[in-house]
Amino acid sequence: MTIAITGPTGHLGRLVVESLLARGADAGDLVAVVRDPGKAADLAAKGVQVRAADYTDRAALESALTGVDKLLLISSSEVGQRLPQHTNVIEAAKTAGVAFVAYTSVLDAANSALTLAQEHKATEEVLAASGIEHALLRNGWYWENYTTDLAGTIERGVLAGAAGDGRVAAAARADYAEAAAVVLLTDGQAGKVYELGGDERLTLAELAAKISDAAGKTVVYQDLSEDQFGAALESAGLPAVYAGMLANSDAGIKAGALDTTSGDLQTLIGRSSTPVVEVLRRSAPVRG
């Protein structure tokens with residue numbers, strides 16, 4: 001059985017490949033579909049097949065997916081371009097005869113009011129219309145979303161956001177990667193919809209307390225309006241479209257859009273999700 005992964009050189013994709021190998025997949029049965037093969041040299045060295053294709057290049061995608069049985073479509077990072085890019089991949093997969101596609105979506109995509117969910121919902125609809133057997137991996141938030149600027153957060157002593165008292169059922173990126181690997185390696189996944197989130201359902205004030213404990217320095221949560229938070233992110237250098245999306249996602253946390261008690265993640269990986277303190281401790285400058 002040949003399994004292809006799009007975006008295998010990204011943060012999530014690499015972890016999926018690692019998890020597939022750890023769970024017994026043969027490296028020669030894995031296909032890394034990459035824009036730049038040079039960035040996948042380490043995967044090639046492990047015996048993974050590396051095939052060049054861009055989300056925008058339908059012909060290259062068809063060639064890269066030839067002979068593939070299952071595909072993990074990791075959502076594109078290009079907000080605003082995801083739907084046409086994902087459609088290219090899905091149509092190429094159908095033409096190439098791929099039998100099964102797993103897609104990394106977002107929690108409750110079909111009903112979510114998150115701006116982030118719009119392209120995911122539309123992609124799910126394209127996938128359903130394609131006739132390809134598929135499963136939806138509706139990933140929740142990553143704890144790593146809060147560690148990108150962890151040093152700055154600790155230095156300022158402030159975790160800013162617009163989530164109010166809303167809870168976020170986040171998990172480590174590796175947890176979601178392991179769940180994807182399980183779905184790809186397990187039969188009978190067609191039609192499954194997994195709402196994936198972690199055990200710790202924290203408010204951002206509670207997350208700030210976790211950061212304080214890990215860093216040995218007080219960090220408090222500063223609650224802003226969605227507009228104020230978006231403006232703060234822009235002033236920190238984020239492009240307007242991403243700042244707006246993140247601010248809207250925080251407002252979604254306030255409304256419960258990134259919270260779940262489904263237990264789907266834990267059932268798939270056979271354990272509790274990685275504690276947030278472990279994720280924090282992997283990111284300097286926290287103690288312990």
Side-chain angles (χ1 to χ4, degrees), residues 11-12 106-109 111-117 138-176 195-238 240 242-266 271-288:
H11 294 300
L12 179 63
V106 71
L107 273 176
D108 195 28
N111 305 298
S112 177
L114 292 177
T115 300
L116 176 65
R138 289 178 170 167
N139 289 352
W141 227 221
Y142 302 142
W143 286 130
E144 286 86 351
N145 291 345
Y146 299 103
T147 63
T148 302
D149 185 34
L150 183 60
T153 298
I154 294 170
E155 181 180 354
R156 292 185 295 271
V158 173
L159 174 66
D165 293 326
R167 295 190 176 276
V168 55
R173 189 178 278 115
D175 294 337
Y176 295 113
E195 303 288 351
L196 303 175
D199 297 85
E200 293 174 284
R201 301 168 51 245
L202 303 180
T203 67
L204 293 197
E206 290 170 341
L207 177 59
K210 296 277 189 181
I211 295 172
S212 299
D213 290 343
K217 178 183 176 182
T218 299
V219 175
V220 298
Y221 174 57
Q222 181 182 17
D223 194 45
L224 306 172
S225 70
E226 182 177 346
D227 287 344
Q228 288 172 330
F229 187 40
L233 292 172
E234 274 195 71
S235 67
L238 265 67
Y242 288 102
M245 182 192 72
L246 290 174
N248 177 263
S249 296
D250 250 38
I253 292 173
K254 187 174 185 177
L258 289 172
D259 188 18
T260 181
T261 58
S262 74
D264 288 349
L265 176 64
Q266 296 78 4
R271 59 174 174 82
S272 298
S273 59
T274 303
V276 64
V277 66
E278 290 188 20
V279 179
L280 295 172
R281 285 175 177 163
R282 292 173 194 153
S283 303
V286 300
R287 65 184 182 183

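Small disclaimer: the values here were computed from a predicted structure and weren't measured.
- Of the inter-residue distances, the one linking Glu278 atom CD with Leu280 atom CG reads 10.0 Å to the nearest 0.5 angstrom.
- Looking at residues two or more places apart in sequence or on another chain, you find no ring pair (Phe, Tyr, Trp, His ring centres under 6.0 Å) involving Phe229.
- Scanning for side chain to side chain donor-acceptor pair (under 3.5 Å) contacts around Ser249 gives an empty result, with sequence neighbours left out.
- Considering only residues two or more places apart in sequence or on other chains, Glu200 meets the side chain to side chain contact (heavy atoms under 4.5 Å, CB included) condition with Trp143, Leu202, Lys210, Pro275, Val276.
- Partners of Ala251 under the side chain to side chain contact (heavy atoms under 4.5 Å, CB included) rule, at least two apart in sequence or in another chain, are Glu226.
- Side chain of Asp175 to backbone of Ser273: no donor-acceptor contact under 3.5 angstrom is found.
- Taking the salt bridge (charged side-chain N to carboxylate O under 4.0 Å, His left out) definition, one finds that Arg201 meets it with Asp259, sequence neighbours left out.
- Under the salt bridge (charged side-chain N to carboxylate O under 4.0 Å, His left out) criterion, the residue pairs touching residues 147-158 are Asp149-Arg156, with sequence neighbours excluded.
- By the salt bridge (charged side-chain N to carboxylate O under 4.0 Å, His left out) test, Glu206 is found to be paired with Arg167, residues two or more places apart in sequence or in another chain being considered.
- Residues passing the side chain to side chain donor-acceptor pair (under 3.5 Å) test with Ser112: none are found, sequence neighbours excluded.
- Asn248 contributes a side-chain N or O that, together with a main-chain N or O of Thr115, makes up a donor-acceptor pair within less than 3.5 Å.
- Residues that satisfy the side chain to side chain contact (heavy atoms under 4.5 Å, CB included) test with Leu204, not counting sequence neighbours, are Tyr146, Leu159, Ala163, Val168, Leu207, Tyr221, Asp250.
- For Asn145, the side chain to side chain contact (heavy atoms under 4.5 Å, CB included) partners two or more places apart in sequence, or in a different chain, are Trp141, Tyr142.
- Here Ser225 pairs with Gln228 under the side chain to side chain donor-acceptor pair (under 3.5 Å) rule; sequence neighbours left out.
- Applying the side chain to side chain donor-acceptor pair (under 3.5 Å) criterion to Glu195, with sequence neighbours excluded, gives Arg138.
- Across Leu150 and Ile211, no two heavy atoms sit closer than the pair CD1-CG2, 4.0 Å.
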